[in-house]
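Let me begin by presenting the structure, written as structure tokens, before commenting on it.
This chain uses plain numbering: 1 for the first residue, then up along the sequence.
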Amino acid sequence: MGKEVFPVTDENVNSDICMDMLEQARDGVVIIDDRNCIVFFNSAAEELWGYTAAEVMGRNVKCLVPMPYRTDHDDYIAHNRETGINRIVGTSREITFESKSGDYVSAEMSISTALIGPDKKQYYMAFMKGVTEESHRKKLLDLQNTVFRSLSGDMLIQDVADLVCNGVEEFVPNSVAVLMLVTPEHHLQVLSGAGMPRRFVSALEAMTLTEADLTALANDLDEASSIVWESYRSVGISLGLHDCWASAIKAPNGKISGILALYSRNQHKVADWPKKIVSGAVPFCGVVIEQYEARQHISQLANFDPLTGFLNRSSLHKVLKTMISQPGDNRFAVLLLDLDRFRDINDALGHIQGDTFLKAIAERLKTLCRSNYILSRSGGDDFVVVIPNATPEIAVDFIKTVTDAMQRPLEVAGNHLSASFSTGIATFPENGPDGESLISHAEVAMRQAKKEARGSYRLVSTIDTKEAQERLVLGSALRDSLSKGLLNLHYQPQIEARTGEIYGVEALSRWNHPTLGNIFPSRFIAVAEETGQIEAIGRWSLEESCRQITQWERDGVHIPVVSVNLSAGHFHNRSLVPMIADLLRKYGLAPERLTVEITESVMMDESDETMNVLSAIRELGVGLSMDDFGTGFSSLSRLTRLPLTEIKIDRSFIMNLEHDANAQAVTTAVIGIGNRLGMTVVTEGVETEAQYDLLERLHCDVLQGYLFAKPMSAADLETWYRKPRKLMPAMKKDGAQ
């Protein structure tokens, strides 16, 4: 079957036809010459930008690009011309630019380049396909999916709200999004709005919505604009805000639960398409608010006593821990008030009226407390009041006020009842370094008061607190030493059993106080844990170890890895992983140069929070070592569920290793399991050649102990490193030098 072939003539391909084709193309076409000036701008491009061809022809093409990129735009093109490296040419990407009218337009851009004319001048041609509506729909869907994924995880609601607002702001450059809740008291509470001027936030949160406002919002969600903008337009303009699109958020039960608002900093009028963005984001903003309210309710149940609304016992301990960990010479009083003869009231009136009596007592107690006092119901008829910045004298004055107030009868089920408290008073820091000690001492004092004279009080100072005082002195000195940099690290080498090469070092905290002298680590670490300073010591140890290993490297001392001990508390802190990542970046360390040693208490804690932190550390590439394995209650089966790279056998198994068959059996088992799980096995406390020979035959990987070196300062370790090291027979057999 033949086919017709039409001859190609100059008429078919002349420049007029080509230009007409480009002019009539449905996509915008922009051509620039070798000076970056616009030489072609078709009708579709005119529609996209809102400029006529006459307005842009001959001008530098940067007049069409988004404002933030104009200054450097010529440099981008020059780099392409000079290097031929095409990051944009030949690709397709979505861009957002501002039209003549001030609208933000999204388009899919592809760029081609060609050498034109006898001088081979390089021209660029851009094809622009408007995709604003389609792009917004897709981005809104992506944002919605991201929000739902975040809500299904453990991300904080505040962070999810920030994610929503940041996503909405990306649709409209030079804007700020604000997500607000409507509280039960009909106030607005800003959940997210980092870019909003604080003065405007204060104005919004000072507003009280009337019933008429809520009815109007329920009938028309767009009424939100008049509430959060029209009334505050002059304030907004003075703060650089010039327009607003807002929508109310209606809960499934029909209640107005919040408002999403988008404020523009553009002085010119922007078209109403941002309103579509706000409306499109409202449904998943509603889900965020529902989750927030649900979590708040769960938090209320978890942290507060349902009868009185006071903090429960576990929440009280968290508050006390926070107060104790505050820097400076802070002090406070803990008062434990036990209701006298409450059992008689329960027996006479029944438990329901007994609860009513407790609620009435709690309300009266609340009226006697200042706003900064902390109230807790710690038991059936026990209350705790924490008074900040209080001396024993202030606490006693408060109890006298309570005693006087409780003499006024309370009416319960037609009965007029009087109440009295027996009270124990403890003060921080005099009576204990931690919340548990303070409450325990206050409870002993309360029982003493109840025994000797109901309705009276006793101070903990009448109880022997010598041990608490000693811990107080150490805790205060430790806090001072930390702030002044008086702690230091010593390093104990770890040696490869078969080669004698240095495997790494363990960093060990040391404290030599100017007046208290050398303080054993076992003593000051325990005090640090009790006084909430252990995390600060851990952070300092990590940074100092990273700094030192880089310093050694500069001095020609290659220490492959440094191990740092962290306490269990660190692994409940989500900031641990980013902190380690920041240190690695700061000191330019490869992650495998750092190992974190964990205790068996961390191993026993299988909470999601702890496991996630451990996994995240391993994902960084940092090693994880189980310190002192076998001394606690750890299970070998748990080893398979932890992302460990190393096990350390405690020195207690090594002390009589040559003569103790049980110690040999346990050590053999641990080494075997570690090897099978692909973990490095390190043995601590190696002091004799006989211990070394036995461990080497058992195929232990790494040894640490006085046989090789004691813990030493960084300078002493450098000296030790440069000296010839003692080789064992097995090392010599392996050809170690």
Side-chain angles (χ1 to χ4, degrees), residues 305 307-308 310-313 315-317 319-320 323-324 330-346 354 357-410 417-469 472:
D305 170 44
L307 182 66
T308 63
F310 291 176
L311 291 174
N312 59 26
R313 189 179 183 92
S315 297
L316 174 65
H317 279 285
V319 171
L320 290 175
M323 293 177 71
I324 289 169
N330 57 312
R331 58 183 304 113
F332 56 86
V334 176
L335 291 70
L336 194 147
L337 297 79
D338 181 83
L339 199 57
D340 295 324
R341 299 186 177 89
F342 178 64
R343 181 178 297 177
D344 294 342
I345 294 173
N346 263 340
F357 180 65
L358 283 175
K359 288 175 68 174
I361 289 288
E363 285 300 317
R364 181 168 291 183
L365 189 58
K366 188 175 180 180
T367 63
L368 303 173
C369 295
R370 298 183 61 180
S371 59
N372 63 335
Y373 289 15
I374 296 145
L375 294 102
S376 169
R377 182 184 175 214
S378 61
D381 57 355
D382 286 345
F383 296 88
V384 174
V385 178
V386 181
I387 306 178
N389 304 314
T391 61
E393 292 75 21
I394 291 174
V396 169
D397 287 343
F398 174 76
I399 283 300
K400 290 178 178 178
T401 301
V402 171
T403 301
D404 292 341
M406 290 300 167
Q407 290 177 357
R408 299 195 307 272
L410 295 162
L417 305 174
S418 296
S420 68
F421 287 114
S422 297
T423 305
I425 302 172
T427 56
F428 176 84
E430 292 86 356
N431 301 137
D434 53 69
E436 192 65 48
S437 300
L438 289 167
I439 292 176
S440 176
H441 286 148
E443 186 172 1
V444 172
M446 177 272 293
R447 288 175 180 168
Q448 184 181 355
K450 189 176 285 288
K451 179 180 178 181
E452 295 176 0
R454 290 179 184 269
S456 65
Y457 65 86
R458 292 293 182 271
L459 293 164
V460 172
S461 56
T462 59
I463 303 167
D464 183 12
T465 57
K466 181 178 179 181
E467 183 179 344
Q469 289 287 354
L472 167 64

Legend entry - Least distance between heavy atoms, Thr427 atom then Pro392 atom: CG2-CG, 3.9 Å
Inset, instruction - Could you tell me whether the side chain of Phe398 reaches within less than 4.5 Å of the side chain of Val402, counting heavy atoms only? - result: yes
Inset, instruction - Side-chain contact test, heavy atoms from C-beta onward, threshold under 4.5 Å: evaluate it for Arg447 versus Glu443 and give yes or no. - result: yes
Legend entry - Lys400 side chain near Tyr457 side chain, heavy-atom distance below 4.5 Å: yes
Legend entry - Met406 CE to Asp340 CG distance, which is reported to the nearest 0.5 Å: 11.5 Å
Legend entry - For the student: nearest non-hydrogen atoms of Pro429 and Asn330, plus distance: CD-O, 4.2 Å
Legend entry - Atom of Gly455, atom of Ser422 and distance for their closest heavy-atom approach: N-OG, 3.2 Å
Legend entry - Shortest non-hydrogen contact between Gly424 and Ala445, atoms and distance: CA-CB, 3.8 Å
Inset, instruction - Check side-chain contact (heavy atoms from CB on, under 4.5 Å) between Glu363 and all other residues, then give those that pass, not counting sequence neighbours. - result: none
Legend entry - With sequence neighbours excluded, residues passing side chain to side chain donor-acceptor pair (under 3.5 Å) with Asp338: Lys450
Exercise answer: donor-acceptor pairs, residues 367-376 side-chain atoms, under 3.5 Å, sequence neighbours excluded:
from   : atom 1 : to     : atom 2 : distance (Å)
Thr367 : OG1    : Arg364 : O      : 2.5
Ser376 : OG     : Leu311 : O      : 2.8

Inset, instruction - Classify the angle between the aromatic ring planes of Phe310 and Phe383 as parallel (below 30°), tilted (30 to 60°) or perpendicular (above 60°). - result: perpendicular
Inset, instruction - Please check if the side chain of His441 supplies one atom and the backbone of Asn431 the other of a donor-acceptor pair under 3.5 Å. - result: yes
Inset, instruction - Look up atom OG1 in Thr423 and atom CG in Leu459, then write down how far apart they are to the nearest 0.5 Å. - result: 10.5 Å
Legend entry - Of Thr403, Thr401, Asp397, the residue whose pairing with Ile399 passes side chain to side chain contact (heavy atoms under 4.5 Å, CB included): Thr403
Inset, instruction - Using the side-chain hydrogen bond (donor to acceptor under 3.5 Å, both in side chains) rule, collect all pairs that involve residues 382-394, keeping only residues at least two apart or in two chains. - result: Thr391-Glu393
Inset, instruction - Compare all side-chain heavy atoms of Leu316 with those of Val386 and state whether any distance is below 4.5 angstrom. - result: yes
Legend entry - side chain to side chain donor-acceptor pair (under 3.5 Å) against Thr308, all qualifying residues, sequence neighbours excluded: Asp305
Inset, instruction - Compare all side-chain heavy atoms of Ile439 with those of Leu320 and state whether any distance is below 4.5 angstrom. - result: yes
Legend entry - Residues which pass side chain to side chain donor-acceptor pair (under 3.5 Å) with Arg454, listed by chain and number, not counting sequence neighbours: none
Legend entry - Heavy-atom closest contact (Ala419 atom, Ile361 atom, distance): CB-CD1, 3.4 Å
